[in-house]
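Below you'll find the structure, written out as structure tokens, and then a few comments.
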Amino acid sequence: MTDVLDHILTGNRHYRNQTLTHDPTFFDTLSKGQSPSVLWIGCADSRIPETTICASQPGELFVHRNIANCVHAGDINAASVVEYAVTHLKVKKVVVCGHTSCGGAVASLGDAELGEVLDSWLHPVRELRRKHKSELDALPDDNARAVRVAELNVRQSIEVLRRHPAVRRAASDRGLTVHGLIYDLGLGELRVLEESGKGKGNGLWSPN
Amino acid sequence: MAEKAQVKKYLQESHDKIFENNRKWADAQSAKDPQFFEELSKGQSPNYLWIGCADSRIPAEAITGLGPGEMFIHRNIANLVCNVDLNAMSVVEYAVSHLKVKHIIVCGHYGCGGVKAAMTPQDLGILNPWLRNIRDVYRLHEKELDTLEGEAKYDRLVELNVLEQCRNVMKTAAVQKCFAENEFPVVHGWVFGFKDGLLKDLKFDHAATLKDIQKIYNLTS
């Protein structure tokens with residue numbers, strides 16, 4: 001069991017040496033502070049390391065990851081992240097990223113018990129499934145249904161974010177925008193959720 | 001108006017950059033291993049659950065050299081694990097009971113903005129209840145912390161906060177039950193330092209702590 005742990009500590013030493021070879025002042029600069037331009041709200045799923053899939057650098061993305069990338073009204077964990085990122089760090093964009101083959105979305109297609117904690121957390125996603133029953137029933141299979149539920153869930157999270165006081169203020173004061181994305185695990189590709197933008201084709205939500 | 005158009009152009013460009021980078025990365029992965037994404041889409045069985053700070057400077061997978069599929073991730077302000085927080089609790093539950101992770105790592109970092117904000121005598125609105133948990137960590141270790149000053153005091157509070165969150169992880173029924181049955185997951189407390197880019201192991205004693213907290217927090221039966 002220790003070698004599994006050594007694996008990441010060795011990885012960390014490798015990362016540090018590589019980074020310093022490339023730029024000897026890298027960590028010095030980082031230690032002075034952060035000014036990320038994006039708040040990334042994604043799934044806890046191990047297959048979507050945001051910095052890797054966006055080929056980003058440390059310091060670029062402020063990150064909140066939870067089960068099924070949910071932003072529930074009344075969740076103080078996500079609300080604190082949003083408040084800190086938007087009001088204090090002044091990020092320019094908030095991105096909510098769902099994905100295909102999402103365990104949370106698949107579980108939300110049915111009502112099988114996952115334990116009280118997870119069932120409570122996924123309740124709003126299962127409500128979305130109930131609300132969009134006829135649309136989902138018309139889809140060919142559960143894979144397609146899970147993708148659609150993931151999309152609806154991203155859209156729902158964006159609706160909650162739009163009503164967050166910090167987001168509303170920043171949207172009107174300095175043009176903060178909110179975007180919905182879906183990551184296709186089978187292709188490794190990010191796709192913009194068209195309907196989260198107003199026909200602009202880039203998933204952009206703007207206040208007007 | 002010209003300025004507004006420029007801002008719009010900048011926003012579009014910074015948005016497009018992520019997609020360009022993503023396409024380059026996906027192409028490079030497929031070139032290396034044509035089955036890479038197909039394999040990933042079949043499922044995940046990560047060994048680790050990482051509970052870290054939302055801070056943009058600590059991308060968990062990058063600093064540990066792990067690839068997609070290896071680590072399940074929760075990141076929030078100041079890497080807190082609060083018992084009434086359904087968000088973090090559902091992550092722990094899923095990682096332990098469903099994915100059967102072997103290690104849970106709580107990782108803080110020196111210079112944490114959340115920890116500093118919590119020690120500021122200021123009304124921070126919705127952040128107050130969240131950051132209150134850090135003030136409580138201070139109260140639990142007041143004697144030790146009061147002997148320190150300046151950065152040394154913040155650094156130690158960052159470490160003590162990680163250790164308290166490790167204890168909080170162990171107070172969950174999911175972790176206690178799984179451990180009683182399987183001898184895993186093992187909980188670890190680490191701190192990332194910007195000065196050297198290295199992870200510091202705080203040597204959290206899983207076995208001794210479990211025994212200690214189960215006097216009061218035992219949920220195994």
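Letters A, B, ... mirror the listed sequences (proteins, then strands); counts begin at 1. Remember, predicted model here, so these are calculated numbers, not experimental data.
Chosen from B/L199, B/N87, B/T64, B/I77, the residue pairing most often with chain A at heavy-atom distances under 4.5 Å is B/N87. The residue among B/I18, B/N21, B/I73 with the most heavy atom pairs within less than 4.5 Å of chain A is B/I73. Ranked by heavy-atom pairs under 4.5 Å with chain B, the first of A/S37, A/P49, A/C70 is A/P49. Note on B/P59, B/G114, B/G113: by heavy-atom pairs under 4.5 Å with chain A, the leading option is B/P59. Per-residue counts of heavy-atom pairs under 4.5 Å with chain B were compared for A/A44, A/G11, A/G186; the largest is that of A/A44. Of all the listed residues (A/E83, A/K32, A/Q18), the one sharing the greatest number of non-hydrogen pairs under 4.5 Å with chain B is A/E83. Chain A forms the most heavy-atom pairs under 4.5 Å with one residue out of B/V91, B/L198, B/L66, B/I126, and that residue is B/L198. Ranked by heavy-atom pairs under 4.5 Å with chain A, the list B/H188, B/E38, B/Q29, B/K17 is led by B/H188. The choice from A/V95, A/L114, A/I48 that makes the most heavy-atom pairs within less than 4.5 Å of chain B is A/L114. When the candidates A/S120, A/A55, A/G59, A/S56 are compared by the number of heavy-atom contacts under 4.5 Å with chain B, A/G59 comes out ahead. With chain B as the partner, the residue from A/Y183, A/F27, A/Y84 showing the most heavy-atom pairs under 4.5 Å is A/F27. If you tally non-hydrogen atom pairs under 4.5 Å between each of B/A95, B/A117, B/G65, B/G69 and chain A, the highest count goes to B/G69.
Heavy atoms closer than 4.5 Å to chain B are found in the side chain of A/L9, but not in its backbone. Interface remark: B/E61 contributes side-chain atoms only to the contact with chain A (heavy atom separation under 4.5 Å). At a 4.5 Å heavy-atom cutoff, the contact between A/N66 and chain B is made by backbone and side-chain atoms alike. Proximity to chain B (any heavy atom under 4.5 Å) is shown, for A/A166, by neither the backbone nor the side chain. Interface remark: B/W50 contributes no atoms to any contact with chain A (heavy atom separation under 4.5 Å). Within the 4.5 angstrom heavy-atom criterion, no atom of B/D201 approaches chain A. Heavy atoms of B/H109 lying under 4.5 Å from chain A are absent altogether. With a threshold of 4.5 angstrom between heavy atoms, A/S31 approaches chain B through its backbone and through its side chain. Only the side chain of A/T51 comes within contact range of chain B, with at least one heavy atom under 4.5 Å from a heavy atom of that chain. For a residue to count as touching a neighbouring chain, one of its non-hydrogen atoms must lie under 4.5 Å from one of that chain's; by this rule B/F192 touches chain A with the side chain only. When heavy atoms are compared at a cutoff of 4.5 Å, A/L89 does not approach chain B at all. Both the backbone and the side chain of B/A88 have a heavy atom closer than 4.5 Å to some heavy atom of chain A. Only the side chain of B/Y48 has a heavy atom closer than 4.5 Å to any heavy atom of chain A. With a 4.5 angstrom heavy-atom cutoff, B/N76 touches chain A via backbone and side-chain atoms both. Proximity to chain A (any heavy atom under 4.5 Å) is restricted, for B/I105, to the side chain, taken from C-beta onward.
Judged purely by distance below 3.5 Å, without hydrogens or angles, the side chains of A/S46 and B/E70 never pair a donor atom with an acceptor atom. The closest side-chain donor-acceptor pair between B/D55 and A/Q34 falls under 3.5 angstrom.
Between A/E50 and B/R75 there is a salt bridge, since a side-chain N of the basic residue sits under 4.0 Å from a carboxylate O of the acidic one. The pair A/D173-A/K90 does not count as a salt bridge, with every side-chain nitrogen at least 4.0 angstrom from each carboxylate oxygen. Between B/R132 and B/D136, at least one side-chain N (NZ, or NE/NH1/NH2) sits under 4.0 Å from a carboxylate O, which counts as a salt bridge. For the pair B/E159 and B/R156, the salt-bridge criterion is met [side-chain N within less than 4.0 Å of a carboxylate O]. The pair A/R163-A/E159 meets the salt-bridge criterion, with a side-chain N (NZ, NE, NH1 or NH2) lying under 4.0 Å from an Asp/Glu carboxylate O. Looking at B/K24 and B/D27, no side-chain N of the basic residue comes within less than 4.0 Å of a carboxylate O on the acidic one, giving no salt bridge. Salt bridge absent: A/D6 and A/R13 never bring a charged side-chain N and a carboxylate O closer than 4.0 Å. In this structure, B/E20 does not pair ionically with B/R23, as no charged nitrogen and carboxylate oxygen lie closer than 4.0 Å.
Counting only distance, with no hydrogens or angles, the side chain of B/Q176 and the backbone of B/Y217 share a donor-acceptor pair below 3.5 Å.
Annotation: B/F37 is in aromatic contact with B/W25 [ring centroid separation under 6.0 Å].
For A/H14, there are no ring-ring contact (aromatic ring centres under 6.0 Å, His included) partners, not counting sequence neighbours. Residues satisfying the ring-ring contact (aromatic ring centres under 6.0 Å, His included) test with A/W121, not counting sequence neighbours, are A/H72.
Residue B/K177 comes nearest to B/T220 through the heavy atom pair CE-O, 4.0 Å, listed as atom of the first residue, atom of the second, then distance.
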Side chain to side chain donor-acceptor pair (under 3.5 Å) assessment of A/T10 paired with A/N12: CA-CA 5 Å; A/T10 310; A/N12 171 235; over 6 Å; no
